[in-house]
Trainee: 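Pasting a structure here, questions to come.
Chain A is the first sequence line, chain B the second, and so forth, proteins listed ahead of strands; every chain is numbered from 1. The structure presented is a predicted model; accordingly, all values stated were derived computationally and were not measured.
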Amino acid sequence: MTSPPAQSDNELIARVVARADQFAFSELVKRHQSTLRASLRKMTNGHTELADDIAQETFILAWKNIGKFRYEAKFSTWLYRIAFNAWQSDVRRKSEVLMDEESMPELGSVDSDASQVGTRRDLERAMVGLSDAERAAIHQCFYNDLSHDEAAYVLNMPLGTLKTHVLRAKEKMRQHLAEYSAEPNLKTRNARETAEESR
Amino acid sequence: MTFNHQFDNSPNDQVQQIGADQALEAMLRADAAQWRATHIHNDGFSDAVMQRVTQLPAPLAAGGISKFATPRILIVAVAAATAAGVAIVGSNGGNLLIDAVMDLATFTITPAVLALGGMLLAASVVAIVAVTTEK
């Protein structure tokens, strides 16, 4: 006996809107929980509990507002937009600076070899110098793998502004990495840290 | 992966800069791909969400009216009708404001003063309802 073909996100959404179908919504949650939580863990710099709280809030808001979903964007992109707004509200509420040097992500939480850990550390350091908007633009375009159009929708900013943020962010990161790789002592220290973490 | 940190405008430097941009792009894409490939196990997350969802009212269909909207609309309509009725009865041919101000100046309680008070009260109710309906 074969299992019925999986329904598309849009079919599930239609069921939720028409009949408040909790089973259909539960399917959507199961389908998108991993990517959303991973994205939020990255945004919150590895704060797992905070990320999961915001992810839960995101799905609750999605349930409440699903009637406003216009099918213009993908459901996942819409979720990213809600999640970004929820994360921003949380940051504003707590007035926390989440992207500081002390709160580096838990590198051990992702299976990585030593070189990948080193690359990640380099990138994290390079991103510390970015503005919130630049960091958000890089996060949406690369880590959430969104097009510029989609990222602009998620961040609620004009497309041109988004592109400017991405360009500036990349320029700053490139300079930071160049300066970093030019310092032999820092390179040695980084290699030592990487070796220690991979042990 | 190396990054050259001093660039002028010579063609050679421009080539180096393009190379560094591509290297950064490749680093970001590789790191992001690895990050996205990480599967986070459900571990009761969906159940926790659905437990909260079951306690919530059904989501509104597009353009729907919430169950709270109908009573609020009724309150506004009744308040507006009351204000209009009071104004008509108490205004003595539409001179409500002039009559009321004149009466207030002489500290006399007349139907015009009462009507003005009723209108202000009704306006307050409408304003409060409008503010609470904002969300």
Trainee: So which bits of residues 23-30 of chain A come within less than 4.5 Å of chain B, counting non-hydrogen atoms only?
Mentor: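 When heavy atoms of chain B are the reference, residues 23-30 of chain A contributes A:F25, A:S26, A:V29, A:K30 within the under-4.5 Å range.
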Trainee: So, A:E171 and A:R168, do they make that salt bridge, N to O below 4.0 Å?
Mentor: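 So A:E171 does not pair with A:R168 through a salt bridge.
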Trainee: So for A:N65, is it side chain, backbone, both, or neither that comes closer than 4.5 Å to the heavy atoms of chain B?
Mentor: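 Answer is neither: A:N65 stays 4.5 Å or more from chain B.
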Trainee: My understanding is that only residues two or more places apart in sequence, or in another chain, count here; which of them pass salt bridge (charged side-chain N to carboxylate O under 4.0 Å, His left out) with B:D47?
Mentor: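 None.
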Trainee: Apply salt bridge (charged side-chain N to carboxylate O under 4.0 Å, His left out) to B:R52 and list each qualifying residue two or more places apart in sequence or on a separate chain.
Mentor: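 So B:R52 forms a salt bridge (charged side-chain N to carboxylate O under 4.0 Å, His left out) with A:E57.
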Trainee: Can you say whether A:A18 sits under 4.5 Å from chain B via the side chain, the backbone, both, or neither, judging by heavy atoms?
Mentor: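 Neither the backbone nor the side chain of A:A18 comes within 4.5 Å of chain B.
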Trainee: I'd like to verify something: which residue of A:H139, A:R37, A:Q22, A:R19 has the highest number of heavy-atom pairs under 4.5 Å with chain B?
Mentor: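 Going by pairs under 4.5 Å, I would pick A:R37.
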Trainee: Tell me, please, which residues at least two apart from B:E25 pass salt bridge (charged side-chain N to carboxylate O under 4.0 Å, His left out).
Mentor: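 B:E25: salt bridge (charged side-chain N to carboxylate O under 4.0 Å, His left out) contacts with A:K170, B:R29.
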Trainee: Does A:E150 offer a backbone N or O that forms a donor-acceptor pair with the side chain of A:R81 under 3.5 Å?
Mentor: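 It does not hold such a pair.
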Trainee: Taking A:A51's backbone N and O only, do any of them form a donor-acceptor pair with A:W87's side chain (distance below 3.5 Å, no angle check)?
Mentor: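 Between the backbone of A:A51 and the side chain of A:W87 there is no qualifying donor-acceptor contact (under 3.5 Å).
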Trainee: Would you say the side-chain atoms of A:S76 pair up with the backbone N or O of A:K74, donor to acceptor, closer than 3.5 Å?
Mentor: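 The answer is no, because no donor-acceptor pair under 3.5 Å joins these two groups.
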